[in-house]
*Asks:* 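Take this structure, written in structure tokens, and hold onto it; I'll ask about it next.
Order of the sequence lines sets the chain letters (A, B, ...), proteins ahead of strands, with each chain counted from 1. The structure presented is a predicted model; accordingly, all values stated were derived computationally and were not measured.
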Number of protein chains: 2
Amino acid sequence: MAKIDLDRRAEIGREKRARTRAQILEAGTMLLAERPPEALTVDAIVEAAGVAKGTFYYHFQGIEELAAAVGERLGESFDDLLTAARLELPDPIARLSFAFTQFLDRAISDPVWARLVVQSSHAPTEFARSIRAHLKADLTEAIDQGRLTVRDVEMAADIVLGIWLQVVRSSLERRPAPDLAGQALRAVLRALGA
Amino acid sequence: MAKIDLDRRAEIGREKRARTRAQILEAGTMLLAERPPEALTVDAIVEAAGVAKGTFYYHFQGIEELAAAVGERLGESFDDLLTAARLELPDPIARLSFAFTQFLDRAISDPVWARLVVQSSHAPTEFARSIRAHLKADLTEAIDQGRLTVRDVEMAADIVLGIWLQVVRSSLERRPAPDLAGQALRAVLRALGA
DNA sequence: AGTCAATTCGACTATACAGTCAATATGAAA
DNA sequence: TTTCATATTGACTGTATAGTCGAATTGACT
């Protein structure tokens, strides 16, 4: 009689647990969008999430673990936007252009997401590494096809990421100009010599 | 008999004061190069500077004031590098190119300076505003002369600053490629459509 | 060698924050 | 209604940091 009871109990637990965990994750996301993790306190998180301090430690080991979880979700959001491009576009430059525009549109329409990405770009996180790796794969392919003036992959990646990040930062401070994404993309392609 | 004494005393004071203040400023500069101001503690500063806590508060109101002082010195270092260009080069694109290269060479040869600049670029400081203003002045002039494909000054500034910052970040993580500055400059000029 | 204004020191108080834990609440199942 | 594994609570302890202040030191000048 014990077996079924225990499994069911655990399942109920997981559901309730998941809801509260999501609240904390959401609060953490908002706060990490406006300050670096070093400046984030557990008290601030639990206040924003509307839970008790003990609850935070029931779900996370500490702020680092929360930051890692937020980073993972951020990485998934990038993957979501990338999947379409990777499957449908065989041309590396078209793929890169599509992804660049997708990410930029998202940043413009979702400032919290944009702030979070900008903050995350400061400390080199796992997801930042992954993005740069994806980008370098496309750029290497394009360079091997002799379609770029730039020959150094690292320099090419810096150009794309640098312009993207700075345009995103600008879009958070000023009202984004119309066709911002298009203008930025054309500048990137010119810089790469595509 | 009092007048001269008091003035002389004050002068002696200013000299001693200046030495200790410089120590604290130096320590603060090192620490602000590796962490954001929100994550900086007075205890860490006084330990690095080798002075007592009270001494810090004798010279600065708090960490914000120290950060402002560091920012001001950083601004001066930029002005120093800019002065030559502003006086000798009448052409805005040549001026911009010269400054870009100067700043990049400095960043590559002085990693602490580079880290400090990168950190400062996160929060919009007074000196960041000033740099962008200088840059926009040159870009506006070039655009008015019809020498750039990019028409939007903000976009043009984002391109220059974005590539510069990202290349500097890269130079701190990887070993800088030979002719990094030249490559980066050519990419910027292509992006602007010069 | 004595004087004294300016500077420096570090112990001290107060507060903020991290992390723990015994008590309480929850809610599906019996 | 009662049971009980799980989840939640918030008071509590310990530590780190902010900021203060009276005492000690410094060093040019007499």
*Asks:* Taking only residues two or more places apart in sequence or in another chain, which ones pass side chain to side chain contact (heavy atoms under 4.5 Å, CB included) with Glu126(A)?
*Replies:* Arg129(A)
*Asks:* Counting only side-chain nitrogens and oxygens, does Tyr58(A) get under 4.0 Å of the OP1 or OP2 atom of dT8(D)?
*Replies:* no
*Asks:* Tell me, please, which residues at least two apart from Ala22(A) pass side chain to side chain contact (heavy atoms under 4.5 Å, CB included).
*Replies:* none
*Asks:* Across nucleotides 10-17 of chain D, 5' to 3', mark each nucleotide with B, S or - according to how protein heavy atoms within less than 4.0 Å reach it.
*Replies:* B------B
*Asks:* Tell me: CD of Gln23(B) to P of dT7(C), nearest whole Å?
*Replies:* 15 Å
*Asks:* Considering only NZ, NE, NH1 and NH2 on the basic side and carboxylate oxygens on the acidic side, decide whether Glu141(A) and Arg95(A) come within less than 4.0 Å.
*Replies:* yes
*Asks:* With sequence neighbours left out, what residues match Ala142(A) under side chain to side chain contact (heavy atoms under 4.5 Å, CB included)?
*Replies:* Pro92(A), Ile93(A), Leu148(A)
*Asks:* By ring pair (Phe, Tyr, Trp, His ring centres under 6.0 Å), which residues pair with Phe98(A), not counting sequence neighbours?
*Replies:*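 Partners of Phe98(A) by the ring pair (Phe, Tyr, Trp, His ring centres under 6.0 Å) criterion come out as none, since no residue qualifies.
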*Asks:* By side chain to side chain contact (heavy atoms under 4.5 Å, CB included), which residues pair with Arg186(A), not counting sequence neighbours?
*Replies:* Asp179(A), Gln183(A), Arg190(A)
*Asks:* Salt bridge (Lys or Arg N to Asp or Glu O under 4.0 Å) with Asp152(A): which residues, sequence neighbours excluded?
*Replies:*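 Listed in chain order: nothing, the list is empty.
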*Asks:* Can you list, in residue-number order, the parts of residues 24-39 of chain A that come under 4.0 Å of DNA chain C, counting heavy atoms only?
*Replies:* none
*Asks:* Could you check how far CD1 of Ile45(A) sits from P of dA16(C), rounded to whole Å?
*Replies:* 18 Å
*Asks:* Taking CZ from Phe60(B) and P from dT7(C), how many angstroms apart are they, rounded to a whole number?
*Replies:* 14 Å
*Asks:* What does dT30(D) pair with, Watson-Crick or G-U, if both distances are under 3.5 Å?
*Replies:* dA1(C)
*Asks:* dT8(D), OP1 or OP2 - any side-chain N/O from His59(A) closer than 4.0 Å?
*Replies:*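 His59(A) to dT8(D) OP1/OP2: side-chain N or O found under 4.0 Å.
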*Asks:* Tell me: OH of Tyr57(B) to C1' of dG10(C), nearest whole Å?
*Replies:* 14 Å
*Asks:* Just list the side-chain donor-acceptor pairs under 3.5 Å for residues 101-108 of chain B, sequence neighbours left out, or say none.
*Replies:*
residue	atom	partner	partner atom	Å
Thr101(B)	OG1	Ser97(B)	O	2.9
Arg106(B)	NE	Asp110(B)	OD2	3.4
Arg106(B)	NH2	Asp110(B)	OD2	3.2

